[in-house]
S.K.: 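This is the structure I have questions about; it appears just below.
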Amino acid sequence: MRFLALSTIEIPSQKYYTIPMIGIFGGAFDPPHKEHIAIAESIAKEFDLEKVVFLPSGNSPHKNLETPFAIRMQMLSAALEGHSFEIDPFEDAFDGPAYSYRVLPFLKEKYGDIAFIIGGDSLLALDRWREPQEIVKICPLIVIPRGTDTLAELRKAAAEHMRTKGGKIVIAEHTKGDNVSSSVARAKIALNMQTPEVLPSVQEIIKQHGLYQDYSDMIERVKGALTPERWHHTCGVVVSGLKINERIGLPREKVFVACLLHDCMKQSDRIHPGVPADAIGTKVLHAFNGAEEARIAFGIEDNEILDAIRYHTTGRAGMTVLDKLVYTADMVDEETRDFEGVEHLREVSYRDLDRGFMLCFKVCYDRLLATGKSIYPLSTECFNEYCKGV
Ligand SMILES: [Fe+2]
Ligand SMILES: [Fe+2]
């Protein structure tokens, strides 16, 4: 057993940990991407792990896994070819929901000393896991900061979990995720965008099996209704919306569909019955019109999605989380927005949607005020609720 200096979590008595030698790296790997490999390599080095075992999730209670286990195994095998990592298909045959607190004891028995590798987002949401106090007792957790996670917030969360639940939680200091996610990669593949984060060998398997094409009809119809520039923007809104959602955890399909359809009537002359009369002839019309189009032409019945489309331009008092997400993603879209200050807005929004939305809305509202253009009443109500005095 070796003793290694680890994270600098400032708990004097725990500054040096005894380190288990096998890192368990769980995930859906749907699809696996280059960052998974980079993280495994880096974490093995940083913590001097004997090996890293990839553990594709089976019957996960948290995720609506759509890609069959065998195909995810095929993709993962292709991604890890030439590396010394192992893949353990344990969860495929696991009886019942594969909650971590149920699975880890079996792995501990199989491998001996293990550490469970999780992302910073998982640490911050640990209390939403089933039996988190059991998980930390089974084995130490190694936390990989992701995207906009800061070491300070992760250390604080780790210290609090250890104080209330016990166990050992260490934060990687030399290994960091870069906001690459499988969820975003799936959307990009569906939207026919470039995915340099996915290895060509994995892309080949995706193509072979025609993965991630559930919304191909909707995508083609929206694309056909927009200019290439507007379509490019829509793709960017989907990507940014899913990135914002990494910390929010709304159902992925809602975010995807709301972002995809948000501007579906932007370039149409048709006016649906029922749109507010005072919106006709203004820039906000396409949002009301878009919600009607989504309902009538695309068959969307989910009012949360329809509202997020309806209010993505004006905002309103009483914004739902999805309303805020679509509004904000529309403003910070990674593909086409490049106005001064957008990078800051994007960074804040990926970390903290409420704050990001408030800043985005204020920027828009101030712009409107400065130009002297008339402001739609819903926008004033929204400003008064979220931005007044900011
Ligand atoms: Fe719009
Ligand atoms: Fe838009």
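Numbers here are sequence positions counted from 1.
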S.K.: Take E304 and K254 through the test salt bridge (charged side-chain N to carboxylate O under 4.0 Å, His left out) and record every step on the way to the result.
M.R.: CA-CA 8 Å; E304 272 188 85; K254 283 197 186 212; 2.7 Å; yes
S.K.: Please assess L123 against I171 for the test side-chain contact (heavy atoms from CB on, under 4.5 Å), listing each intermediate value before the final yes or no.
M.R.: CA-CA 10 Å; L123 177 72; I171 315 294; 4.1 Å; yes
S.K.: Checking side chain to side chain contact (heavy atoms under 4.5 Å, CB included) between V257 and each of I309, V238, I300, which is the one that passes?
M.R.: I300
S.K.: Side chains of Y350 and E334: does their closest heavy-atom pair fall under 4.5 Å?
M.R.: yes
S.K.: Looking only at atom types and distance, does a side-chain atom of E50 sit under 3.5 Å from a main-chain N or O of M21, one as donor and one as acceptor?
M.R.: no
S.K.: Please examine the side chains of S122 and W129, heavy atoms only from C-beta on, and report whether any two atoms are closer than 4.5 Å.
M.R.: yes
S.K.: Which of these, L76, L199, V198, L80, sits in a side chain to side chain contact (heavy atoms under 4.5 Å, CB included) with P32?
M.R.: L76
S.K.: Ring centres under 6.0 Å, that's the criterion: do F288 and Y376 meet it?
M.R.: yes
S.K.: I'd like to know if the side chain of H161 pairs up with that of Q133 as donor and acceptor (distance under 3.5 Å, no hydrogens or angles considered).
M.R.: no
S.K.: I need the E131 CD to K137 NZ distance, nearest 0.5 Å.
M.R.: 9.5 Å
S.K.: Got a sec: does the CD of Q208 have more than 12 other heavy atoms crowding it under 6.0 Å?
M.R.: yes
S.K.: Should the pair D330-R337 be classified as a salt bridge under the 4.0 Å nitrogen-to-oxygen rule?
M.R.: yes
S.K.: Which heavy atom in A28 sits nearest to a heavy atom in S57, and how many Å separate them?
M.R.: CA-OG, 3.2 Å
S.K.: Scan side-chain atoms only and decide if H174 and E46 contain a donor-acceptor pair under the 3.5 Å cut-off.
M.R.: no
S.K.: If you apply the rule salt bridge (charged side-chain N to carboxylate O under 4.0 Å, His left out), what do you find for D307 with R310, and how did you get there?
M.R.: CA-CA 5 Å; D307 281 347; R310 186 174 288 119; 2.7 Å; yes
S.K.: Run the numbers on R346 and E343 for salt bridge (charged side-chain N to carboxylate O under 4.0 Å, His left out), then give the verdict.
M.R.: CA-CA 5 Å; R346 195 175 290 139; E343 281 177 17; 5.2 Å; no
S.K.: Between E246 and S181, is any side-chain donor less than 3.5 angstrom from a side-chain acceptor?
M.R.: yes
S.K.: Go through the steps to decide whether F25 and V53 satisfy the test side-chain contact (heavy atoms from CB on, under 4.5 Å), and finish with yes or no.
M.R.: CA-CA 6 Å; F25 191 7; V53 176; over 6 Å; no
S.K.: Not counting sequence neighbours, which residues clear side-chain hydrogen bond (donor to acceptor under 3.5 Å, both in side chains) with T195? List them please.
M.R.: Q203
S.K.: Decide yes or no for C382 and F357: does some side-chain heavy atom of the first lie under 4.5 Å from some side-chain heavy atom of the second?
M.R.: yes
S.K.: Decide if the gap between the ring center of Y327 and the ring center of Y311 is smaller than 6.0 angstrom.
M.R.: no
S.K.: Are the side chains of N289 and R270 in contact, using a 4.5 Å heavy-atom criterion?
M.R.: no
S.K.: Does L55 reach the side chain of V103, with side-chain heavy atoms less than 4.5 Å apart?
M.R.: yes
S.K.: Distance check, rounded to the nearest 0.5 Å: R146 atom CZ versus D121 atom CG?
M.R.: 4.5 Å
S.K.: Evaluate the side-chain proximity of P140 to V170: yes if any heavy-atom separation is below 4.5 Å, no if none is.
M.R.: no
S.K.: Mind checking the CG-NZ spacing from L260 to K223? Nearest 0.5 Å is all I need.
M.R.: 11.5 Å
S.K.: State whether the side chain of Q213 and the backbone N or O of L211 hold a donor-acceptor pair below 3.5 Å, judged by distance alone.
M.R.: yes
S.K.: Once rounded to the nearest 0.5 Å, what's the spacing between atom CD1 of I114 and atom CG of L49?
M.R.: 11.5 Å
S.K.: What I want to check is whether the side chains of E81 and S201 have a donor and an acceptor closer together than 3.5 Å.
M.R.: no
S.K.: Determine the sole option in R247, R351, K176 for which the salt bridge (charged side-chain N to carboxylate O under 4.0 Å, His left out) test with D149 is passed.
M.R.: R247
S.K.: Can you confirm if the NZ or CZ of R221 lies within 45° of the ring axis of F298 and under 6.0 Å from the centre of its six-membered ring?
M.R.: yes
S.K.: Give the intermediate values and the outcome of salt bridge (charged side-chain N to carboxylate O under 4.0 Å, His left out) for residues D354 and K324.
M.R.: CA-CA 8 Å; D354 281 338; K324 287 182 187 176; 2.8 Å; yes
S.K.: Nearest 0.5 Å, what's the CG-CZ distance between D95 and R102?
M.R.: 7.0 Å
S.K.: Is there side-chain contact between V143 and I117, with at least one heavy-atom pair below 4.5 Å?
M.R.: no
S.K.: Is the shortest side-chain N to carboxylate O distance from E153 to K156 below 4.0 Å?
M.R.: no
S.K.: Answer yes or no: is there an ion pair linking K165 with E134, defined by an N-O contact shorter than 4.0 Å?
M.R.: no
S.K.: Within this structure, what is the OG-CZ distance for the pair S77 and R72, rounded to the nearest 0.5 Å?
M.R.: 12.0 Å
S.K.: Starting from the C-alpha separation in whole Å, work towards a yes-or-no answer on ring-ring contact (aromatic ring centres under 6.0 Å, His included) for F54 and F29.
M.R.: CA-CA 9 Å; F54 281 69; F29 305 112; 5.3 Å; yes
S.K.: Answer yes or no: is there a side-chain heavy-atom contact under 4.5 Å between K51 and Y111?
M.R.: yes
S.K.: Test the R367-F339 pair against the cation-pi criterion, namely NZ or CZ under 6.0 angstrom from the six-membered ring centroid and within 45° of the ring axis.
M.R.: yes
S.K.: Which residues pass the side-chain hydrogen bond (donor to acceptor under 3.5 Å, both in side chains) test with D263, not counting sequence neighbours?
M.R.: R230, H233, H286, H312
